[in-house]
Amino acid sequence: MKIQQLTADISLKRQLEGGNEEQLRTVREVLADVKAKGDAAVKAYSEKWDGVALDALRVTAQEIDEAVASMDPQIIADLTEAAANIRYYHEQQKRDGYKLPLADGSWLAQRITAIASVGLYVPGGSAAYPSSVLMNVVPAQVAGVERIVIATPCDKDGKLPAAVLAAASILGVTEIYKMGGAQAIAALAYGTETIDGVDKITGPGNIFVALAKREVFGEVAIDMIAGPSEIAVIADETAHADEVAADLLSQAEHDPMACAVLVTTSDALAKAVSDEVEKQLQTLPREAIARKAIENYGAIYVGETMTQVVDAINTLAPEHLEIVTKNPEAIMEQVKNAGAIFLGRYSSEPVGDYFAGTNHVLPTNSTARFASGLNVDDFIKRTSVVYYSEQTWQENAPKIARLARLEGLEAHARAVESRGWNKED
């Protein structure tokens, strides 16, 4: 990895492709086809791009049972424990509505209700992601969502990864469809003959999934437009170079566009980590992917002070941030922008990816400046409620009418006055 000096005006932001015109045209064509032709279009695109001819899109109960039976019992136990950890963490996010009493029996309230149905996209392709099933499903269940649908691409034999089906089974989700890409987003958004549309779509995917989610937003809700994974590490001379290198590569192996950045105050650590990254790349099964990510979006920056380092991180606003320093909690207090933070030597980023309980669906491409990771609030609605008694109405109607006329909205004023504040029944 290249080592650079950190200057005050350096930008660590990665400029992700937002989709070129050809990709966008393709996505719009897919969305229109699925909206018009339903299942037939979904199957046609699955055959065209995934090389699989499907008779049916929905996963059968038998397929789920066979997947669970094929799994190592220890893995089932691990997934079950991870799900429990995720549920415990997310249950703390539940919130109740409230009711505010006013004078004369009037009141205001906020109701919290769950979204009725959600579609959870689980990426496939070069790897299987049962952890994505857990991270998407659990907060939806905690929120009280009644209908949860999973969409994920299958292989050329029409099979889904056993671990993905096992994770769904552990959580009791049985409505699962073999479909990926933009066609899956279209089917979830618009519905088909066999798939009822949903109210919200969550979960990461490739550029076509991201563009499709952006296009259907407004007809359905979405969680975010997630880009390739990112990790940034703040480290000082106390950090272990081999461990920092391993953590950088843990995200680089996701995608050739993944971003891995070390920002440190130690020249010696910078050189050691650079050497370790190259050494570890040579034995990594996904070396080609990780090497391309490191070459294109990997960097090591050396700053003069920790304040300068933290300022750079706040500019980057990374998806994942590790802080491996003498006093990581003190450094954390200075960090304003990060999707998730991992403190100390033993809180490597994969701890959060799989097991600790925090969510790994996180804002990317510097959107942590204003966005949060997936959580229970993503699956609820807040509804305001107003109840005015006659007396409270009488006291406030003239004020309301005056404010309406101030904005030039006469019908609003008349709606108030139609009841009258001195009007006899």
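Because only heavy atoms are used, hydrogens play no part in the values below, and waters and symmetry mates are left out as well, while side chains stay in. We number each residue from 1, following the sequence as shown.
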Distance only, no hydrogens: is a donor on one side chain within 3.5 Å (strictly under) of an acceptor on the other, for [X] and [Y]?
X    : Y    : answer
T383 : Q110 : no
Q251 : E349 : yes
H90  : N359 : yes
E304 : Q308 : no
S348 : D247 : yes
S389 : D104 : no

Expected output: side-chain [X] to main-chain [Y] donor-acceptor under 3.5 Å:
X    : Y    : value
R147 : D196 : yes
D378 : D223 : no
Q23  : N20  : yes
S169 : L165 : no
N85  : G357 : no
H360 : D353 : yes

Is the number of heavy atoms from other residues, nucleotides or ligands within 6.0 Å of [atom1] ([X]) greater than 12?
X    : atom1 : result
Y346 : OH    : no
E91  : CD    : yes
R382 : CZ    : yes
E329 : CD    : no

Given side-chain contact (heavy atoms from CB on, under 4.5 Å), test V149 with V118 step by step and report yes or no.
CA-CA 6 Å; V149 182; V118 298; over 6 Å; no
Is there a side-chain contact between [X] and [Y] (heavy atoms, below 4.5 Å)?
X    : Y    : answer
C259 : S229 : no
K43  : L57  : yes
V361 : N136 : yes

Can you classify the ring geometry of F208 versus W49 as parallel (below 30°), tilted (30 to 60°) or perpendicular (above 60°)?
parallel
Identify the two heavy atoms, one from T305 and one from T265, that lie closest to each other, and give their separation to 0.1 Å.
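So the minimum-distance heavy-atom pair works out to C-CG2, 3.7 Å.
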Closest heavy-atom pair, I170 versus I76, reported as atoms and distance to 0.1 Å, is CD1-O, 3.8 Å
